[in-house]
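Remember, predicted model here, so these are calculated numbers, not experimental data. Lettering follows sequence order; numbering is per chain, from 1.
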Amino acid sequence: MRTKAYAFRLMNKSEAAALLTGWIDETTRDNPDLTRSAALSQIIVNLISGHIGRDLSSPALTSGSISPDHIQHIEARIEARLKDFIRSLMTNPGSLDTLTAGAVAAQTGADSVDDDFINNILEDLRGNE
Amino acid sequence: MVKGRASDYMSLDCGNAQVKALSNQYQVVFPHGLVELTPHELNELSLRGELGKDKALYCVNGTWYKVGQRALQTGSASLRYGESRYVDSYYGVLAAVAMFEVFNTPPAGGVFIMGSHTPKDAIYRQDLILSVRGSRGLKWSVEHMGVRKDFTVTDAAGIDEPVGVYRHAVLADDGSHFRADNRPLRKGVTLILDIGGFTSAWSIARDGLLDYAAGGSHVRGILHVLDDLEALIRSEYRQRLKGAQRLDPIALRAALKTGKYDAAGAGKLDVAALVNQAVTPLMNDLDGIFQRFGGLSFAHSVLLGGGGGAVLEGRIRESFQHPRIVTADPEPNRLHFATAEGGLKTIRLLVSRGEL
């Protein structure tokens, strides 16, 4: 009945970009022959195949710098964003190196929620009192 | 609204067809069905030692229930409609089961619950809030498959279902920013349609602000359409289907979009005319909503949510020819979560602003 968590989307864009950049850094450090594009592809393939946290096939995850608890946490946060990454990869095959931050940031606009919007919500919630 | 009391939170959309719940940790969806075990069943299962081994069984505050599909198989008493559901022994129990599923460990500071309900009904909202507070002073003890979790509900609030859809569409996942892709939904008039399993609800937003005085619902949803379509196909193709009593629900949903029913060994059936017949009552309901405003042209945008929104999107576009019809979630198979997602984003926004 329970499905995997989807809370990766809770990360803000800088957190998510930092996470992915870190993965790519570790993967390329452990596998100097890999380009950053190939590293990202490998990470995504691992995510897609659901291996993360289980068979630990990704070099980024076997490097020891990411603890099993951290992996579990990441796994819980990755699923929903994955589709966005895949979609972006398919539409931007030539820009993998710059994709990470951009794909994560794509959904969130620059506009903060304004006071009118907040007040409109509070007006609704006053109906709870 | 109580400030400063949200340790963790859950958004709950207890639809007539499915119960959907989200927290920061997990999401859960299960068929809407709940029935208390009879004394006989309780005895039997207890003697056989199966109470803690059956995935469909939950013990909530000392009472054992069947939940989900297994409850629905028990009979009509397992699904309550309207006002009768908003009591702690029903809605409260479903909320407790949902908490069990969306939290690995009960949050130490308690759980704030945002529950959705049909639009413009203050009594539903009040009863919903009271039902999750429960009669045991906000305490919920849930046991399932040998695991027990004890929850404290800090407080609850209600949100109209289409309002949840709208907030999901315009807010980014952090709740405190607007989504860039749906900026037009915050300009002019947006008509929000939440087409659920058994009901279709609507609301209006003007320049990004919801008009809480406008809204309503019809007791007809996508499951009625699918039931009608199934009966029509079985009747029309009785011989070819060799008297099949049930048709494949996934193929039925596909048929609504394509006009073709994939009957596996019996081949692909042309059911376009039957689809038209099955969807007409619901489309008439939608048209009735538009006519309240003199036609659909009153709205700059039409926003679709609910599982029915995903299935009927193409047909609605084709029938009503509005230039801006958008879905609340880009993933059709996530659209039934739109209301609950909107509730969760609303909570995040309120938490980020210190309002919760």
Ion pair B/Arg353/A/Asp115, N-O distance below 4.0 Å: yes
Please round to the nearest 0.5 Å and tell me the distance separating atom OG of B/Ser352 and atom CD1 of A/Ile118. 6.0 Å
If you measure from CG on A/Asp124 to CG on B/Leu209, what distance do you get to the nearest 0.5 Å? 12.0 Å
So, for B/Leu349 and A/Val113, which heavy atoms are closest and what is the spacing to 0.1 Å? CD2-CG1, 3.9 Å
Heavy-atom side-chain contact between B/Arg167 and A/Ile121 under 4.5 Å: yes
From B/Asp207 atom CG to A/Phe117 atom CZ, the distance as rounded to the nearest 0.5 Å: 12.5 Å
B/Tyr212 side-chain N/O to A/Glu123 backbone N/O, donor-acceptor pair under 3.5 Å: no
Contact origin within A/Asn119 toward chain B - heavy atom pairs under 4.5 Å: neither
Segment of B/Thr346 engaging chain A (4.5 angstrom heavy-atom cut-off): side chain
Quick one: does A/Leu125's side chain get under 4.5 Å of B/Ile159's, heavy atoms only? no
